[in-house]
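Only a predicted model underlies this, so the values are computations on that prediction, with no experimental measurement involved. Computation of the quantities below employed the complete heavy-atom set of this structure, encompassing side-chain atoms and omitting hydrogens, waters and symmetry-equivalent molecules.
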Amino acid sequence: IPGASGWPEFVRNASEQFEARAPMVEIQDSNSVLLDGMAGWQLPVAVAHGEGQVRAVGGNTPSPALVYVDNNGRATERYPANPNGSPGGATGYTSDDGRATIMMPHPERVFRSIQMSHAPKDWPEASPWLRLFQNARRAV
């Protein structure tokens, strides 16, 4: 993928098991087309993977576009808030031009509030993750 040099690889979770849960992530400032206008948002998201731990390839890993956060809203490496054990809570990256984004969570599984195990009562039917798909449509 052009502009993806330095992207890490995703390897077996530090827990050595498949993880399926709904941790919190914080969307970082990036040029991701999908995450446009979402920097700073902290949202619950579905995870379901056995290989989500970030491992650097070479020495030039870019800043993450998404990180797992703890109950205090800080990036975390602690299990279970970080279900894969990635350094710095990293769980997503974007290409230099922002057109390609990789992540291990599954926002497509929680784009409606009723798909979440918990959502504030004042959220509409569409969860904040719908914005990711609206951004994708706008970019096409």
Side-chain angles (χ1 to χ4, degrees):
I1 298 173
S5 62
W7 269 6
E9 60 184 356
F10 290 103
V11 299
R12 189 158 175 81
N13 296 333
S15 66
E16 294 287 320
Q17 63 187 5
F18 180 85
E19 297 288 344
R21 59 186 69 246
M24 294 288 288
V25 294
E26 181 176 44
I27 301 165
Q28 305 296 295
D29 188 28
S30 74
N31 59 348
S32 171
V33 169
L34 297 178
L35 303 173
D36 185 42
M38 297 172 70
W41 291 14
Q42 292 185 353
L43 301 170
V45 67
V47 298
H49 58 260
E51 297 83 21
Q53 184 178 183
V54 169
R55 180 169 58 195
V57 177
N60 193 21
T61 302
S63 297
L66 290 121
V67 296
Y68 290 112
V69 294
D70 62 17
N71 292 339
N72 296 309
R74 293 184 293 237
T76 186
E77 296 179 9
R78 295 195 58 185
Y79 182 86
N82 176 339
N84 53 38
S86 295
T91 190
Y93 294 87
T94 192
S95 61
D96 293 342
D97 66 7
R99 294 186 304 156
T101 299
I102 59 170
M103 65 180 82
M104 266 312 186
H106 291 279
E108 77 280 2
R109 295 183 181 183
V110 288
F111 71 94
R112 296 181 63 206
S113 295
I114 63 170
Q115 293 171 301
M116 297 184 165
S117 57
H118 170 76
K121 292 195 182 301
D122 62 341
W123 277 10
E125 181 180 343
S127 88
W129 282 112
L130 184 63
R131 171 83 177 258
L132 183 141
F133 299 99
Q134 292 166 332
N135 285 342
R137 177 67 180 122
R138 192 171 51 250
V140 178

Is [X] atom [atom1] crowded by more than 12 heavy atoms from other residues, nucleotides or ligands, each under 6.0 Å away?
{"X": "Asn72", "atom1": "CG", "result": "yes"}
{"X": "Asp97", "atom1": "CG", "result": "yes"}
{"X": "Arg21", "atom1": "CZ", "result": "yes"}
{"X": "Arg78", "atom1": "CZ", "result": "no"}
{"X": "Arg12", "atom1": "CZ", "result": "yes"}

So, applying side chain to side chain contact (heavy atoms under 4.5 Å, CB included) with Pro105, which one of Met103, Arg109, Glu108 is it?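 Going through Met103, Arg109, Glu108 one by one, the side chain to side chain contact (heavy atoms under 4.5 Å, CB included) with Pro105 is satisfied by Met103 alone.
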
Reference residue Asn84; test side chain to side chain contact (heavy atoms under 4.5 Å, CB included); the match among Val11, Val54, Thr91: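 One option only clears the test, and that one is Thr91.
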
If you define the side chain from C-beta out and look only at heavy atoms, does anything of Tyr68 sit under 4.5 Å from Ser86?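 No. Closest side-chain heavy atoms not under 4.5 Å.
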
Are Met24 and Glu26 close enough that some pair of their side-chain heavy atoms sits under 4.5 Å apart?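 No, side chains not in contact.
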
Side-chain ([X]) to main-chain ([Y]) donor-acceptor, under 3.5 angstrom:
{"X": "Asn135", "Y": "Asp36", "answer": "yes"}
{"X": "Thr61", "Y": "Ala56", "answer": "no"}
{"X": "Ser113", "Y": "Pro124", "answer": "yes"}
{"X": "Asn31", "Y": "Asp96", "answer": "yes"}
{"X": "Gln42", "Y": "Val25", "answer": "no"}
{"X": "Asn13", "Y": "Ser15", "answer": "no"}

Between [atom1] of [X] and [atom2] of [Y], what distance do you get to the nearest 0.5 Å?
{"X": "Glu19", "Y": "Asn82", "atom1": "CD", "atom2": "CG", "value": "9.5 Å"}
{"X": "Trp129", "Y": "Met116", "atom1": "CH2", "atom2": "CE", "value": "8.0 Å"}
{"X": "Ser127", "Y": "Ile114", "atom1": "OG", "atom2": "CD1", "value": "11.0 Å"}
{"X": "Glu125", "Y": "Leu130", "atom1": "CD", "atom2": "CG", "value": "9.5 Å"}
{"X": "Gln134", "Y": "Leu34", "atom1": "CD", "atom2": "CG", "value": "12.0 Å"}
{"X": "Ile27", "Y": "Leu35", "atom1": "CD1", "atom2": "CG", "value": "5.5 Å"}

Determine the minimum heavy-atom distance between [X] and [Y], stating which atoms define it.
{"X": "Ala81", "Y": "Thr76", "answer": "CB-CG2, 3.7 Å"}
{"X": "Val67", "Y": "Pro64", "answer": "CG1-CG, 3.6 Å"}
{"X": "Gly88", "Y": "Ala75", "answer": "O-CB, 3.6 Å"}
{"X": "Ser63", "Y": "Tyr93", "answer": "O-CD2, 3.7 Å"}

Indicate if [X] and [Y] have the same hydrophobic cluster label, given that clusters are the connected sets of ILVMFWY residues with side-chain heavy-atom separations under 4.5 angstrom.
{"X": "Val33", "Y": "Ile102", "result": "no"}
{"X": "Trp41", "Y": "Leu66", "result": "yes"}
{"X": "Phe133", "Y": "Trp123", "result": "yes"}
{"X": "Leu132", "Y": "Val45", "result": "yes"}
{"X": "Leu43", "Y": "Val47", "result": "yes"}

Checking side-chain polar atoms at under 3.5 Å, does His49 have a donor or acceptor matched by the opposite partner on Glu51?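 Side chains of His49 and Glu51: no pair found under 3.5 Å.
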
Under 3.5 Å, is there a donor-acceptor pair between the Thr94 and Ser30 side chains?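 Not at all, the side chains of Thr94 and Ser30 share no donor-acceptor pair under 3.5 Å.
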
